[in-house]
There are 2 protein chains.
Amino acid sequence: MARITMQQIAALAGLSLATVSRTIHSPHLVKPGTLEQVRRLMAKEGYVYNATAGDFSRRRSSVIGVIIPTTRGAIFANSTQGIQEKAQEKGFSLIIGSTGYDAEAELKLLLQFQERRLAGIILTGYGIGRENVIKELVKSGIPCVVVWEVLKNSGLSFVGFSNFQAAFSMTDYLASLNHRRIGLILGPYSRIGRARRRLEGYRSALQKNGLPFAPELVIETMPTLKDGKESMARLLSMSDRPTAVFAGSDMLAFGAMSAARERGLRVPDDISVAGFDDIDFAAYCNPPLTTVRVPAREMGERAVSILVEMIEGKSRKDRRVELPTEIVIRESCRERKERSRVKT
Amino acid sequence: MARITMQQIAALAGLSLATVSRTIHSPHLVKPGTLEQVRRLMAKEGYVYNATAGDFSRRRSSVIGVIIPTTRGAIFANSTQGIQEKAQEKGFSLIIGSTGYDAEAELKLLLQFQERRLAGIILTGYGIGRENVIKELVKSGIPCVVVWEVLKNSGLSFVGFSNFQAAFSMTDYLASLNHRRIGLILGPYSRIGRARRRLEGYRSALQKNGLPFAPELVIETMPTLKDGKESMARLLSMSDRPTAVFAGSDMLAFGAMSAARERGLRVPDDISVAGFDDIDFAAYCNPPLTTVRVPAREMGERAVSILVEMIEGKSRKDRRVELPTEIVIRESCRERKERSRVKT
DNA sequence: TTGTACGCGTTATCAG
DNA sequence: CTGATAACGCGTACAA
């Protein structure tokens, strides 16, 4: 129960506390014989280092906080995985909090992180309306890096990709397939910056292709299978329904494809569906999903690397890295047929 | 940078440290006026409670450690989600580590958790060969609960389900569909107890139905889409290939279905595929997957509840809860046709 | 190579 | 209701 302390080990060994401490952190400063003796004793007594006391004494922690919208939904799992591994490699633990896309939850988490004096924080996206909190956080000395977004005019470090460009490309691709009414099912762009930027990319591509923007064709929803399905159902029940639907996440796309099937529509013969994320499953589903590949894992890894540099003071200024995305063409989209109105 | 401390707040307020502390933890013991004054001051000075120091002083932490095999793979995400929410509700933070199904990684994580003197630990499964470590852990005073498994003769608390029974039922169902050669694609049962129990359930159901156990029909692999696909390909290339395949996880099942499709086989017309987990996606894929529903989220929630009881000393003895599973019949399995040998 | 001694920011125990 | 003060377990100058 009551664990043995360094102090006690020292006493047992007839050494000072400092020597025992050095045994752990700077063994090269200890005479090999002593080292051996102390180690043996620690093993024998079942000594376990107290990281809390250590962190406290050193006045810095070795845990990194991570904020993600949701632990479900595969795609964040990928960046989280990247974060995990890199952090482990660098000797940091992770404390993870999910917000459920809720601003208040995020604020609460952020406070918790401050209370724990975490070494650094990785934010998924840059909450609209939370600029102040985050700036204050940084000013308070906790290094921060944002993933999944590129930030303009903000002193923050980030490693992201252009949500605008990615959405633009996919929409443009759909237009190149001769689709003129392109639906858009998107996450909560009112609150989430990266979703908003995807909307902008979509609109921009429409414009470039001389296509009108039809507000009724864009649906804002939560990025779940269920919502994707329901949104698609709405789109399909329109009198002049879209011939292609661009979903703001693969989850939404899968839900959408499911809705199409239920309605007796074939993808891509009767309607094209494109996704965003390229989660593993996109390549294995039926039909395989055309989607935007996002460097999720890499973002996670690089975010940790940068964060650790900041933590260790090797880097003072903010790092800004923008990774490329890529359209992965599989089988869920195809050229629009003239007169493709199918029985509904 | 250097945050203000309780001490300083006390000085500023002309009060004692103790009173300020009480302001936070037992406001009812403080005169309303004083309370108000202190709170105002804390807000003004941007005081942020130091949870590390608090935990250290109190000699217990308010962080729960969670060990999962992988952050990818959807299904653990569900139990993790349950854990998250419940923990948050109870005022605990989470530190999450993933092992990648690797025993050494798990041990390392466990050590880290001990070093941080975490309040409690939730293990996913009960690593074969790690009995000692875990028992020592418990003896050292860290409450532990295992999820995803039911444990026999072990002093540990758990909240799980019968992997044996679940696999038995599904196999039995497949047999009732007149399948006589039932393939099994399973996670690493050599190392993972719950996978091993699924294998046992499968064998037992075979026996009950008078079916021979054919070792070549069971494939041990990692539970990923890719491995599911490859395993299925192997199964399908056999001269006397199975007419139904039971996958030990939905991921494997999706991979398997993909392999079947690539070979020109239709599911379920040409071959039946069943999964295990019932992740969200199972209901939305094509065809919708027949699978075993596992109470993932509930396991997570209940595990936290039990753990917190243990932490707070309300419960001394181990709690053992077994949740039910259920077969969800969708469209990926059907009765075997006589003479169903299709062109391969 | 080793030891001494102080500090880290709270909590908790006693008095008042 | 409030105050003093001793822990808590370790890191780290500074000395020896």
Side-chain angles (χ1 to χ4, degrees), chain A residues 1-39 41-42 45-63 91 112 114-119 140-141, chain B residues 1-39 41-42 45-63 91 112 114-119 140-141:
Chain A
M1 194 79 202
R3 291 203 161 278
I4 193 170
T5 70
M6 237 164 83
Q7 185 63 260
Q8 298 176 49
I9 293 286
L12 256 33
L15 289 165
S16 81
L17 178 60
T19 302
V20 179
S21 176
R22 282 190 274 260
T23 276
I24 294 174
H25 300 292
S26 12
H28 57 283
L29 296 180
V30 180
K31 183 166 66 176
T34 315
L35 199 65
E36 182 59 20
Q37 176 204 4
V38 173
R39 284 190 171 150
L41 197 55
M42 293 197 306
E45 300 292 333
Y47 170 77
V48 177
Y49 178 72
N50 185 332
T52 305
D55 278 2
F56 173 56
S57 173
R58 210 190 329 255
R59 265 162 305 176
R60 63 191 183 73
S61 109
S62 50
V63 355
Q112 262 189 43
Q114 287 180 270
E115 291 188 344
R116 294 205 177 283
R117 304 290 192 273
L118 297 195
S140 86
Chain B
M1 192 79 200
R3 290 202 161 281
I4 192 169
T5 72
M6 239 164 81
Q7 185 65 260
Q8 300 175 51
I9 292 287
L12 256 32
L15 288 166
S16 81
L17 179 58
T19 302
V20 179
S21 177
R22 280 190 276 259
T23 276
I24 294 176
H25 300 291
S26 13
H28 57 283
L29 295 180
V30 180
K31 183 166 64 175
T34 316
L35 200 65
E36 183 59 20
Q37 176 204 5
V38 173
R39 283 189 175 152
L41 197 57
M42 293 197 306
E45 299 292 334
Y47 170 77
V48 176
Y49 178 72
N50 185 330
T52 306
D55 278 2
F56 172 57
S57 175
R58 210 189 332 254
R59 262 161 308 174
R60 64 195 182 70
S61 106
S62 50
V63 179
Q112 263 189 41
Q114 288 179 269
E115 292 188 344
R116 295 206 177 283
R117 304 291 191 269
L118 297 195
S140 85

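We name chains A, B, ... by the order of the sequence lines, and we start the count at 1 in each one. Keep in mind the model is a prediction, meaning the values are calculated, not measured. Below, all heavy atoms of this structure are taken into account, side chains as well, without hydrogens, waters or symmetry copies.
For A/Glu36, the side-chain hydrogen bond (donor to acceptor under 3.5 Å, both in side chains) partners at least two apart in sequence or on another chain are A/Arg40.
Using a 4.0 Å cutoff to heavy atoms of chain B, the contacted part of DNA chain D runs 5' to 3' from D/dC1 to D/dG9.
Between A/Asp55 and A/Arg117, no side-chain nitrogen of the basic residue sits less than 4.0 Å from a carboxylate oxygen of the acidic one, so the salt-bridge criterion is not met.
Rounded to an integer number of Å, the gap from CZ of B/Arg58 to C1' of C/dA12 is 11 Å. Atom CZ in B/Arg22 sits roughly 11 Å away from atom P in C/dT11 (whole-Å rounding). Rounded to whole angstrom, the span from the CZ atom of A/Arg59 across to the P atom of C/dG7 amounts to 11 Å.
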From CA spacing to verdict: side chain to side chain donor-acceptor pair (under 3.5 Å), B/Arg22, B/Ser16: CA-CA 10 Å; B/Arg22 280 190 276 259; B/Ser16 81; 4.9 Å; no
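Nucleic acid contact for B/Leu15: sugar-phosphate only, since backbone atoms but no base atoms lie under 4.0 Å from a heavy atom of the residue. Among the atoms of the strands shown, none is found under 4.0 Å from any heavy atom of B/Thr52. At a threshold of 4.0 angstrom between heavy atoms, the contacts of B/Gly33 with the nucleic acid are absent.
Counting heavy atoms from C-beta outward, B/Asn50 and B/Arg3 have side chains that stay 4.5 Å or more apart.
Judged by distance alone, the side chains of A/Thr52 and B/Arg59 never bring a donor and an acceptor atom under 3.5 Å apart.
Contact annotation: A/Thr19 does not reach the phosphate of C/dT1 (side-chain N/O to OP1 or OP2, under 4.0 Å). Checking the phosphate oxygens (OP1, OP2) of C/dG3, a side-chain nitrogen or oxygen of A/Ser16 falls inside 4.0 Å.
At its two ends the helix from C/dT1-D/dA16 to C/dG16-D/dC1 runs along axes set 30° apart, each axis drawn from five pairs and the angle rounded to 10°.
Place B/Phe56 and B/Leu29 on DNA chain D by their nearest nucleotides, and B/Leu29 ends up nearer the 5' end. With DNA chain C read from its 5' end, the first of the two nearest nucleotides for A/His28 and A/Ala18 is the one closest to A/His28.
Summarising the geometry, atom CE belonging to A/Met42 is positioned 11.5 Å from atom OH belonging to A/Tyr49; distances are rounded to the nearest 0.5 Å.
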